[in-house]
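Each remark here refers to the structure printed beneath this line.
Computed from a predicted model, the values in this text were never measured in an experiment.
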Amino acid sequence: MNQEQIAVVEECATLSVQGKIGFGDVVARLMKIGLERYHADYARHEIPYYMPDDESFVVSVEHPAERIAHAFSAKGVEAAVRAAQRGEIVYPEFLKQTFAAGCVGYFVQISGRQVIYFGRNGEQHVERFP
């Protein structure tokens with residue numbers, strides 16, 4: 001990744017965690033720089049971002065202090081997604097709600113236009129986006 005792409009990635013991560021930018025804006029900005037996918041790893045507090053040539057860049061992020069529940073609830077994840085889509089919550093609250101739903105992270109497949117949320121035992125909830 002070049003310095004301009006890295007700056008966009010870092011800005012998106014920072015603004016998201018601060019609740020100042022929504023998912024749609026993040027995806028639009030990352031698409032513009034040609035990013036293919038990224039993976040939010042809740043346990044490691046980091047997000048690796050990947051280009052189509054598999055070049056990657058990792059950003060460390062601050063997460064809420066809440067513990068991640070052991071049981072996965074696809075309905076809980078979906079409820080958090082819908083609340084974010086309606087503008088009722090921003091990313092810090094989204095994190096808290098998905099932690100409570102037992103989500104340990106997610107993959108955003110920008111080129112595939114989907115997000116795959118997953119639990120400790122491989123459980124999944126898939127959300128497609130336009």
Could you tell me the separation between the CG atom of D54 and the CD atom of E36, rounded to the nearest 0.5 Å?
7.0 Å
Between the CD atom in E46 and the OG atom in S60, the distance rounded to the nearest 0.5 Å is 5.5 Å
Between F23 and Y91, does the ring centroid distance fall short of 6.0 Å?
no
Can F107 be reached from M51 by stepping across I, L, V, M, F, W or Y side chains whose heavy atoms are under 4.5 Å apart?
yes
Among I33, V58, V59, I110, exactly one meets side chain to side chain contact (heavy atoms under 4.5 Å, CB included) together with Y49. Which residue is that?
V59
How far apart are the C-alpha atoms of R113 and Q109, what are their side-chain angles, what is the distance that settles it, and do they pass the side-chain contact (heavy atoms from CB on, under 4.5 Å) test?
CA-CA 6 Å; R113 300 197 178 275; Q109 307 294 141; over 6 Å; no
Using 4.0 Å as the upper bound for N to carboxylate O, is an ion pair formed by R29 and E11?
yes
Shortest non-hydrogen separation from F94 to A80 and the atoms involved:
CD1-O, 3.6 Å
Minimal heavy-atom distance between P92 and G19, with the atoms involved, is CD-CA, 3.7 Å
R86 to E88 - nearest heavy-atom pair and separation
NE-OE2, 2.7 Å
If two hydrophobic side chains count as joined below 4.5 Å and joins carry through other members, does I6 share a cluster with V8?
yes
Evaluation steps, side-chain contact (heavy atoms from CB on, under 4.5 Å), between E127 and Q114:
CA-CA 6 Å; E127 288 284 333; Q114 65 181 356; over 6 Å; no
Minimum-distance pair of heavy atoms, taken over all atoms of C12 and I21:
O-CG2, 4.1 Å
In terms of heavy-atom contacts, P52 and G34 come closest through CD-O, 3.2 Å
N/O donor-acceptor pair under 3.5 Å between Q5 side chain and N2 backbone
yes
Test of understanding: clusters of I, L, V, M, F, W, Y form through side-chain heavy atoms closer than 4.5 Å, transitively. Do F129 and I47 belong to the same one?
yes
Rounded to the nearest 0.5 angstrom, the NE2-OH distance for H125 and Y117 is 7.0 Å
Would H63 and H45 count as a side-chain contact (heavy atoms from CB on, under 4.5 Å) here? Give the steps.
CA-CA 6 Å; H63 283 154; H45 302 261; 3.3 Å; yes
Is it true that L15 and V61 fall in one hydrophobic cluster, defined by side-chain heavy atoms closer than 4.5 Å?
yes
Quick one: does E78's side chain have a donor or acceptor within less than 3.5 Å of a partner on G76's backbone?
no
Any idea which heavy atoms bring V77 and C103 closest together, and the distance?
CG2-CB, 4.0 Å
Take F99 and V104 through the side-chain contact (heavy atoms from CB on, under 4.5 Å) test and state the conclusion after the steps.
CA-CA 7 Å; F99 284 12; V104 296; over 6 Å; no
Under a single-linkage definition using a 4.5 Å side-chain heavy-atom cutoff for Ile, Leu, Val, Met, Phe, Trp and Tyr, are I116 and I68 assigned to the same hydrophobic cluster?
no
Aromatic ring proximity, centroids under 6.0 angstrom, Y106 and H39:
no
R37 charged N/C atom sitting above Y50 aromatic ring, 6.0 Å / 45°:
yes
